[in-house]
Trainee: 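Once you've had a glance at the structure underneath, I'll fire off some questions.
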Amino acid sequence: MKTQQSNGIGRRSAVAAIALAAAGISMAQTPTGQPIRIGSTLALTGPLSATAQIHKLVGDIYIEQVNKRGGLLGRPVEWVVKDDQSKPDLARTLYEQLVTADKVDLLMGPYATGAILSAMGVAQRYNKVLVHHTLGIPSLAKYDMQFPAWSIGSDPATTVPNTLFDALAASPKPPKTVAVVTSKFPSIQFMSAGAREVLKKRGLTEVLFLEWDFGNRDFGPIANRIKDAKPDFVWVGAIGLDGNLLLDAMKKIDYVPPQHFYLYPSPGPLLAAPEAKNALSATIFEDQPPFTSNYGAAEFVKLYRERAAKAGFTDTSVETQAAASYTAWQILEAGIVGTKSLDDKAIANYLKTHKVDTIQGKLHFDGVGNFGDDLMRIKQIQDGKWVVVWPKEVTSGGAKLLTP
């Protein structure tokens, strides 16, 4: 009787499983065994913390999602994350600890170019694969087992400014004069230098060029110089809260830039600043069509909005920082699942030879420095939200770049 009862239960379970599968509901098994430990650092404190908090939230969401799906290779996934305090030297030390003392199985990259390069040096020393999400200078990525989730192509200093100036040229009031002000943070300085070359080749006039040290908090003198230069357009090589601080300094002298662009700002705080009306920035993803049709995007956008609201984030939408971070986890997962292993070299070889479905679309890593295409788009703050305005094929609802 017991055997017959067991068989009956088994048949009913099988029928139930088929019904659930037909309804599109998966029956993920509970992961078992030793956790797969993935180690990384983030700038949880220091000048970059406002943006790094986004990456922390995204990582937490991913770990929760993957474990609900049954983990990876049937095992639970654990994220070991340490605070590098926005200091690349500390990031290097902490990645050494993650590999040697914590003995993590795999690595995930930190936030910002300097810390990523530090992590990359450690990964190369120990032959570890490194997926990273915000490296801004592709030419510095010399290690053949590193993979970027920041889809800016291999020559962003040319392609990103050209995308921006294409958008401006197609607007009702194309600028003729440009002020370039920028942080000396390596990737920002690199991109701003590229913008200067691009604008000159396009016949635009540079009326001001200024740089400030990373971590600067006194933007009064910079605001005054911009006002005196009277540019049609201001390129701000901003990272983190630089843009907010500059706008606040401009407000104090009653100056409003006619058109303005911020390279890598903290998106929520900039959106919340009234002075940032019509500000432009670059993006690889926004939670609006057609981006939300990409692999995994709809579910992630929903979860992120809920969690960001609970965390008190100013902007709860998924934009370029959150998207790049989530993409990095998708890439690493694809390598693990594709090879059915945690072997770093096997994962690296797989990623070099296969396209990966992500919320940015299908990515490939067979270009210079393992970079693929430049997927940077231009967005603008309109009616209290970020809206993609260029190129036309990725705008939503006929959105267009607004000018004063």
Side-chain angles (χ1 to χ4, degrees), residues 47 136 156-267 269-282 376 378-382 389-390 401-404:
T158 299
T159 56
V160 172
N162 268 318
T163 299
L164 170 64
F165 287 110
D166 282 347
L168 293 168
S171 72
K173 294 175 63 176
K176 296 181 180 179
T177 60
V178 181
V180 177
V181 296
T182 181
S183 168
K184 292 181 181 178
F185 189 84
S187 60
I188 305 296
Q189 192 175 42
F190 161 75
M191 292 289 282
S192 295
R196 297 181 73 193
E197 292 302 314
V198 168
L199 71 89
K200 290 173 185 176
K201 289 179 180 179
R202 286 172 168 260
L204 301 174
T205 301
E206 181 183 281
V207 293
L208 176 67
F209 173 66
L210 279 177
E211 295 178 304
W212 62 81
D213 292 327
F214 174 59
N216 173 58
R217 289 295 178 265
D218 181 11
F219 284 84
I222 299 167
N224 277 292
R225 291 286 301 277
I226 295 172
K227 183 178 181 179
D228 291 343
K230 299 178 181 179
D232 297 331
F233 178 75
V234 185
W235 165 290
V236 185
I239 187 167
L241 296 175
D242 288 350
N244 289 77
L245 294 170
L246 178 57
L247 283 167
D248 186 59
M250 289 176 174
K251 181 180 179 180
K252 291 177 179 177
I253 60 172
D254 297 319
Y255 174 71
V256 178
Q259 296 186 66
H260 46 154
F261 170 85
Y262 301 83
L263 189 55
Y264 299 142
S266 294
L270 192 64
L271 185 68
E275 300 78 29
K277 179 182 178 182
N278 293 343
L280 297 164
S281 190
M376 275 292 186
I378 303 303
K379 63 180 179 179
Q380 184 176 41
I381 294 177
Q382 296 184 4
V389 295
W390 189 266
L401 191 154
L402 300 180
T403 56

Trainee: Within this structure, what is the OH-CG distance for the pair Tyr255 and Leu247, rounded to the nearest 0.5 Å?
Mentor: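 If I round to the nearest 0.5 Å, the distance is 10.5 Å.
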
Trainee: Can you name the closest pair of heavy atoms from Ile381 and Ala276 and give their distance?
Mentor: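 Ile381 and Ala276 have their closest heavy atoms at CD1-O, 3.6 Å.
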
Trainee: With a 4.5 Å cut-off on side-chain heavy atoms, are Pro269 and Leu241 touching?
Mentor: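 In contact.
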
Trainee: Checking the side chain of Asn278 only, and the main-chain atoms of Leu402 only, is there a donor and an acceptor separated by less than 3.5 Å?
Mentor: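 No.
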
Trainee: Give, for atom CG of Leu168 and atom CD1 of Ile378, the distance between the pair rounded to the nearest 0.5 Å.
Mentor: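 The CD1 atom of Ile378 is 8.0 Å from CG of Leu168, to the nearest 0.5 Å.
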
Trainee: For side-chain contact (heavy atoms from CB on, under 4.5 Å), just list the numbers for Val181 and Arg225, CA-CA rounded to whole Å, side-chain angles, deciding distance to a tenth of an Å, and then say yes or no.
Mentor: CA-CA 10 Å; Val181 296; Arg225 291 286 301 277; over 6 Å; no

Trainee: Look only at the side chain of Gln259 and the backbone of Lys173, and say whether a donor-acceptor pair between them is shorter than 3.5 Å.
Mentor: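 Side chain of Gln259 to backbone of Lys173, a donor-acceptor pair under 3.5 Å: yes, one is there.
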
Trainee: For Phe219, which residues count as a ring pair (Phe, Tyr, Trp, His ring centres under 6.0 Å) partner, sequence neighbours excluded?
Mentor: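 Counting only residues at least two positions away or on another chain, Phe219 forms a ring pair (Phe, Tyr, Trp, His ring centres under 6.0 Å) with Trp212.
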
Trainee: Using every non-hydrogen atom in the two residues, find where Ile188 and Ser183 come nearest and quote the distance to one decimal.
Mentor: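 Result for this residue pair: CG2-O, 4.0 Å.
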
Trainee: Tell me, do Pro265 and Ser281 make a side-chain contact under 4.5 Å, heavy atoms counted?
Mentor: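 Contact flag for Pro265/Ser281 side chains = yes.
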
Trainee: Could you check whether atom NZ of Lys184 has more than 12 heavy atoms from other residues, nucleotides or ligands sitting under 6.0 Å from it?
Mentor: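 Enclosed: over 12 neighbouring heavy atoms sit under 6.0 Å from NZ of Lys184.
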
Trainee: Keeping the roles fixed (side chain from Thr177, backbone from Asp232), state whether a donor-acceptor pair exists under 3.5 Å.
Mentor: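 A pair under 3.5 Å: yes.
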
Trainee: Are there over 12 heavy-atom neighbours, none belonging to Lys277, within less than 6.0 Å of that residue's NZ?
Mentor: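 Not more than 12 within 6.0 Å, no.
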
Trainee: When you compare the side chain of Leu204 with that of Phe165, does any pair of heavy atoms fall below 4.5 Å?
Mentor: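 Result yes, sub-4.5 Å side-chain heavy-atom pair found.
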
Trainee: Taking all non-hydrogen atoms of both residues into account, name the closest pair between Gly243 and Ala238 and its distance.
Mentor: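 Shortest heavy-atom contact: N-CB, 3.8 Å.
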
Trainee: Applying side-chain contact (heavy atoms from CB on, under 4.5 Å), run through Thr163 and Met376 and close with a yes or a no.
Mentor: CA-CA 8 Å; Thr163 299; Met376 275 292 186; 5.7 Å; no

Trainee: Does the side chain of Ile239 reach to within under 4.5 Å of the side chain of Leu263, using non-hydrogen atoms?
Mentor: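 Not touching, per the 4.5 Å side-chain cut-off.
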
Trainee: Contact between Val198 and Leu164 at the side-chain level, heavy atoms closer than 4.5 Å - yes or no?
Mentor: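 No, their side chains stay 4.5 Å or more apart.
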
Trainee: If I compare all heavy atoms of Gln380 with all of Leu280, which pair ends up nearest, and what's the gap?
Mentor: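 Heavy atoms of Gln380 and Leu280 come nearest at CB-CD2, 3.5 Å.
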
Trainee: Under 6.0 Å from the NZ atom of Lys252, do we count more than 12 heavy atoms belonging to anything else shown?
Mentor: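 12 or below, so no.
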
Trainee: Pair Asp242, Arg217 - check side-chain contact (heavy atoms from CB on, under 4.5 Å), show working.
Mentor: CA-CA 8 Å; Asp242 288 350; Arg217 289 295 178 265; 4.3 Å; yes

Trainee: Looking at every non-hydrogen atom in both residues, tell me the closest pair between Pro231 and Val207 and how far apart they are.
Mentor: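 In terms of heavy atoms, the two residues are closest at CB-CG2, 3.8 Å.
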
Trainee: Taking the side chain as everything from C-beta on, heavy atoms only, tell me whether Trp390 gets closer than 4.5 Å to Leu401.
Mentor: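 In short, these two side chains do not touch, never coming nearer than 4.5 Å.
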
Trainee: If the condition is salt bridge (charged side-chain N to carboxylate O under 4.0 Å, His left out), which residues does Asp228 pass it with, not counting sequence neighbours?
Mentor: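 Result, salt bridge (charged side-chain N to carboxylate O under 4.0 Å, His left out) vs Asp228: none returned.
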
Trainee: For residues 202-211, pull every pair meeting side-chain hydrogen bond (donor to acceptor under 3.5 Å, both in side chains), keeping only residues two or more places apart or in separate chains.
Mentor: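 side-chain hydrogen bond (donor to acceptor under 3.5 Å, both in side chains) check on residues 202-211 returns Asn162-Arg202, Asp166-Arg202, Gln189-Glu211, Arg196-Glu206.
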
Trainee: Kindly compute the distance separating OG1 (Thr158) from CE (Met191), expressed to the nearest 0.5 Å.
Mentor: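 If we round to the nearest 0.5 Å, Thr158:OG1 and Met191:CE are 9.0 Å apart.
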
Trainee: Nearest 0.5 Å please: distance from the CD1 atom of Ile226 over to the CG atom of Leu246.
Mentor: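 Separation between the atoms: 4.5 Å.
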
Trainee: If you define the side chain from C-beta out and look only at heavy atoms, does anything of Phe190 sit under 4.5 Å from Pro156?
Mentor: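 Yes. Closest side-chain heavy atoms under 4.5 Å.
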
Trainee: Side chain of Lys251, backbone of Glu275: donor and acceptor closer than 3.5 Å?
Mentor: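 Checking the backbone N and O of Glu275 against the side chain of Lys251, no donor-acceptor pair under 3.5 Å is found.
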
Trainee: What are the two closest heavy atoms between Phe261 and Ala282, and how far apart are they?
Mentor: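 Distance-wise, the nearest heavy atoms are CE1-N, 3.7 Å.
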
